[in-house]
Amino acid sequence: MLMSVLFANSSGNVLLERFHSVPGEERLHWRSFLVKLGTDNLNGARDDELFVASHKSVYIVYTVIGDIWVFTVGKDEYDELTLVEVLHAITSSVKDICKKAPSERVFLDKYGKVCLGLDEIFSQGILEHTDKDRVRRLTRLRPLVE
Amino acid sequence: MASIHPPPKKDDDREDDSEYSPFYGIEKGAVLQEARVFNDPQLDARRCAQVITKLLYLINQGETFTKTEETEVFFAVTKLFQSKEVGLRRMVYLMIKEIAPSSDEVIIVTSSLMKDMNSKTDLYRANSIRVLCRITDGGLLGQIERYLKQAVVDKNPVVSSAALVSGIHLLQTNPDIVKRWSNEVQEAVQSKASLVQFHALALLHQIRQNDRLAVSKLVTSLTRGSVRSPLAQCLLIRYTSQVIKESATNTQTGDRPFYDYLEGCLRHKTDMVTLEAARAVTELSGVTSRELTPAITVLQLFLSSSKPVLRFAAVRTLNKVAMTHPLAVTNCNIDMESLISDQNRSIATLAITTLLKTGNESSVDRLMKQITNFMSDIADEFKIVVVEAIRSLCLKFPQKYRTLMNFLSSILREEGGFDYKKAIVDSILILIKEIPDAKESGLVHLCEFIEDCEFTYLSTQILHLLGLEGPKTSDPSKYIRYIYNRVILENATVRASAVTALAKFGLTIDALRPRVLVLLRRCFYDNDDEVRDRATLYVETLAEDDILKQLKNSLFGDLDVPLANLEASLQSYNASEIPFDLSTVSRELKPEQSVEKKAPTSKKAGKDFGTMVATNGALPSGTSAPDTYEKLLSSIPEFLGFGKLFKSSAPVELTEAETEYSVNAIKHVYLRHVIFQFNCTNTIAEQLLEKVSVVIDSSDAEDFEEVFSKHVESLPYNVPGQAFVAFRKPEGVCSVGKFSNTLKFHVNEVDPTTGEKEDEGYEDEYQLEDLEVTAPDYIVKVGVSNFKNAWEALDPEFERVNEYGLGVRENLQDTFQAVVTILGMQPCEGTDVLASNARSHTSLLAGEFIGDIQVLVRLSLGIDAQKQVAMKLAVRAEDQSVSDAIHEIIANA
């Protein structure tokens with residue numbers, strides 16, 4: 001199960017989050033845990049540089065693109081290796097939507113499109129599509145190119 | 001997506017994040033107002049999309065909507081289906097999923113979605129499937145099932161994936177419907193589209209997960225064919241490893257089914273698949289070194305990968321392997337050592353803990369040097385893991401205790417939170433206990449630590465230990481200064497502990513006593529009552545030799561009774577002329593739960609203390625069953641000469657549930673007697689029972705002779721009472737037998753409202769179930785702290801070993817529990833914990849046989865591929881007949 005996908009700015013403010021099977025009272029802990037991971041490791045990191053951590057039986061793979069931190073949290077079959085696929089699908093789509101590694105402003109400008117992209121990439125904790133070109137077409141309801 | 005607010009000019013002050021956000025000043029009320037544009041007859045698609053974005057932003061920021069607001073937004077959004085603008089339609093789909101309308105509202109949107117579901121546009125179909133499956137209930141699903149099945153095998157992979165992923169979700173709520181798609185999903189598994197194959201495989205496995213044969217067939221067919229997607233390949237590896245676990249190795253060739261497939265995957269071009277396969281191989285049960293080697297080689301290569309995730313995955317797997325096959329991982333040690341300086345702290349910690357598990361004695365010093373540098377820049381949670389690994393290493397190589405103890409003491413002086421410090425102190429305490437040579441240096445380290453310890457809990461724990469162990473060291477006087485410093489500098493709790501520790505030195509070492517007395521007298525003026533009281537007590541007793549001896553026992557002597565039992569006995573002790581007698585405290589370990597589970601709440605518990613125990617087992621909180629039974633039994637004069645109660649059994653039901661009369665029995669075992677306590681309840685409101693007794697036929701219990709019977713005078717409706725029957729039995733013999741029981745009583749009809757008798761009544765009787773006295777009734781659970789020492793202290797002459805075949809069993813865990821229950825003994829040293837898939841297990845059991853005879857058991861169980869369980873039982877006891885009796889118990893079980 002993909003438990004969470006969370007976007008934050010470089011000050012640690014959450015911009016967009018998706019949780020699956022995580023009770024409301026635990027989300028707060030996850031937010032602060034992830035933001036702390038970002039603060040400790042992502043300042044000065046290169047774009048798309050991957051970071052990995054685990055917390056009990058839960059795995060976290062995260063990165064930074066432009067001014068945006070992106071975290072993926074998973075357990076069971078969504079271990080660190082699968083999370084890399086999920087994270088790659090997300091970051092490549094977000095960069096595609098924003099035309100580059102986004103600043104916070106650009107990310108927020110494209111907020112609606114990003115939400116649509118995420119809706120194509122995973123559905124309630126299950127990875128659905130990974131290819132950025134496909135995701136782009138799907139968010140515009142354009143048929144796939146054969 | 002267009003911006004919601006005009007973008008700021010380029011020369012804006014970009015440091016102000018809030019100004020910078022296009023959602024600056026966004027407010028729920030205003031957005032809900034804006035949502036009215038959804039109702040406009042002439043829809044402005046662009047503006048509507050902007051408002052939906054704002055709503056999404058609010059939801060993502062944790063903003064909640066009231067039910068009314070949700071309903072309004074939902075109804076308004078449904079109007080947008082009129083728009084032909086595809087971008088807006090895509091947002092509408094998302095918005096409906098986000099709002100998740102209630103079941104009575106869903107109907108508004110179903111017709112639009114059903115229309116989309118039949119649309120010629122593939123993507124309308126895909127999206128409407130996802131939305132419908134998210135918001136509808138089982139009833140509607142039945143109606144659209146036909147479309148969903150078609151969608152699973154749709155030629156467009158997006159439609160197919162939408163149906164399959166929805167199926168995975170629906171399987172949780174409507175399994176029956178999804179299970180009917182089996183054929184279609186099977187077909188989708190063969191799809192050329194890689195993600196469709198991935199989703200189909202996941203769904204098919206979930207549908208068939210309880211059918212081993214089907215899963216095995218699925219794995220067999222797919223491992224032969226070509227699975228395109230690496231993600232699907234990883235799933236297949238997991239399913240394969242599950243099938244391997246459940247199937248037997250070919251005993252003739254030693255080949256493991258599907259091993260070749262896993263080995264093939266080790267050479268896959270995708271890292272993810274390679275790692276998954278390596279992981280699967282290392283997790284095979286009973287993996288041989290021949291099987292393990294290629295997997296370890298693959299993992300070793302990943303240790304030097306440039307990608308941190310691959311390094312992490314590899315080191316995480318090797319860390320697990322090191323627990324079971326440390327030698328196999330030794331080859332990776334050089335690569336692993338270079339990971340100690342890895343920037344990723346998780347990787348570094350895993351590398352260190354792996355090295356600590358695999359390292360040999362000669363590498364300890366070098367390793368500790370490397371770890372010292374590493375410890376300063378990791379978080380407490382990682383440090384605790386390292387400390388625990390060091391503790392295990394020290395126990396493995398006791399000769400290295402100096403290096404490891406010095407390391408622990410140096411990190412103890414550094415900054416850290418309570419959990420971290422506690423982990424270090426616990427480790428030092430364990431090392432002191434297990435490695436005698438380490439004791440003195442360990443104590444000195446702990447003394448230095450309490451000089452500057454901010455945690456009261458740890459200080460008192462260490463002071464207690466100093467009081468116990470300090471006087472036994474070669475130079476006890478050196479500890480006095482450290483302890484007395486606590487009396488001067490610490491809070492009251494620590495001061496009180498320090499006073500006790502000082503007193504223990506004075507009690508044990510005559511030469512130090514005068515000096516200790518001087519120090520203790522200084523505590524007479526302490527601010528705290530407890531400290532003053534303790535000081536006064538110790539000074540008074542240290543001055544008088546005869547009291548001193550007694551105190552010595554109470555402070556140093558092993559009480560030899562469980563503290564919880566002692567506490568309960570003390571609580572029930574009434575201050576009187578008769579002094580409290582420690583020998584009356586039960587030594588049987590209390591069960592964790594109340595003696596009986598069936599405590600019908602409808603029955604009114606009697607006010608009488610004993611009655612409560614007797615009837616329902618609803619014990620008053622804080623009172624243990626043995627203590628309460630003892631009190632109850634000692635209130636009956638005839639039982640006073642029976643001596644100390646050895647054991648009371650759990651209640652045995654002698655009647656079916658919901659019968660007219662409810663009776664259960666408790667067996668109280670004494671050295672020469674057994675008392676049966678019958679807890680009787682009359683459940684008929686119209687009856688009053690009088691002179692209620694239990695008549696026992698003991699012809700099947702030859703060793704037993706009835707000596708006393710006590711009836712219940714009156715048994716009104718729902719007010720419980722107890723009858724007793726006592727038997728004499730030979731001392732020192734494990735007498736067993738079966739007792740047939742009949743409840744005899746005088747019945748009177750009564751008016752339930754007034755309770756008055758309505759007639760003369762008549763004699764009646766009621767047949768009860770039989771009751772048996774068996775060998776486990778003569779054993780109590782008494783654990784030992786160090787099994788090995790206790791085992792070796794018993795005469796090997798009296799050891800009896802035998803092997804038993806237990807036949808086919810479901811798993812080892814249940815079999816183990818059954819054996820322990822039959823023996824009625826206490827598992828020691830955590831050996832009651834089995835892994836769920838354990839193939840073999842050894843447990844250490846301890847108990848006491850009647851007559852204060854210690855008995856220990858080494859119990860080994862093994863299960864083979866055909867689920868045949870074999871058991872080896874080695875028993876040692878202080879008496880040979882007891883060793884034999886234990887084997888008889890098993891043989892007769």
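Below, read A as the first sequence line, B as the second, and so on, with proteins coming before strands; counting in each chain starts at 1.
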Report task. Sort A:Arg134 into side chain, backbone, both or neither according to what part of it lies under 4.5 angstrom from a heavy atom of chain B. Result ->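 Just the side chain, heavy atoms under 4.5 Å.
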
Query raised in the report: Which atoms of A:Glu85 come close to chain B, meaning under 4.5 Å heavy atom to heavy atom: side chain ones, backbone ones, both, or neither?
Result: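 Just the side chain, heavy atoms under 4.5 Å.
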
Query - B:Ala202, part contacting chain A, at a heavy-atom distance under 4.5 Å - result: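 No part of it gets close to chain A.
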
**Report entry** chain A contact via B:Asn344 - which portion, at a heavy-atom distance below 4.5 Å
**Finding:**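 For B:Asn344, side-chain heavy atoms alone lie under 4.5 Å from chain A.
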
Checking [X] side chain against [Y] main chain: does a donor-acceptor pair fall under 3.5 Å?
X	Y	answer
B:Asp342	B:Arg345	no
A:Glu49	A:Arg46	yes
A:Asn9	A:Ser11	yes
B:His169	A:Ser123	yes

Query raised in the report: Under the 6.0 Å and 45° cation-pi test, does A:Arg18 pair with A:Phe122?
Result: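 That pair does not qualify as a cation-pi contact.
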
Chain A interface, residue from [options] that has the most non-hydrogen pairs under 4.5 Å:
options	answer
B:Arg130, B:Met272, B:Lys97	B:Arg130
B:Arg134, B:Lys307, B:Glu276	B:Arg134
B:Arg311, B:Gln343, B:Glu98	B:Glu98
B:Tyr93, B:Phe198, B:Phe312	B:Phe312

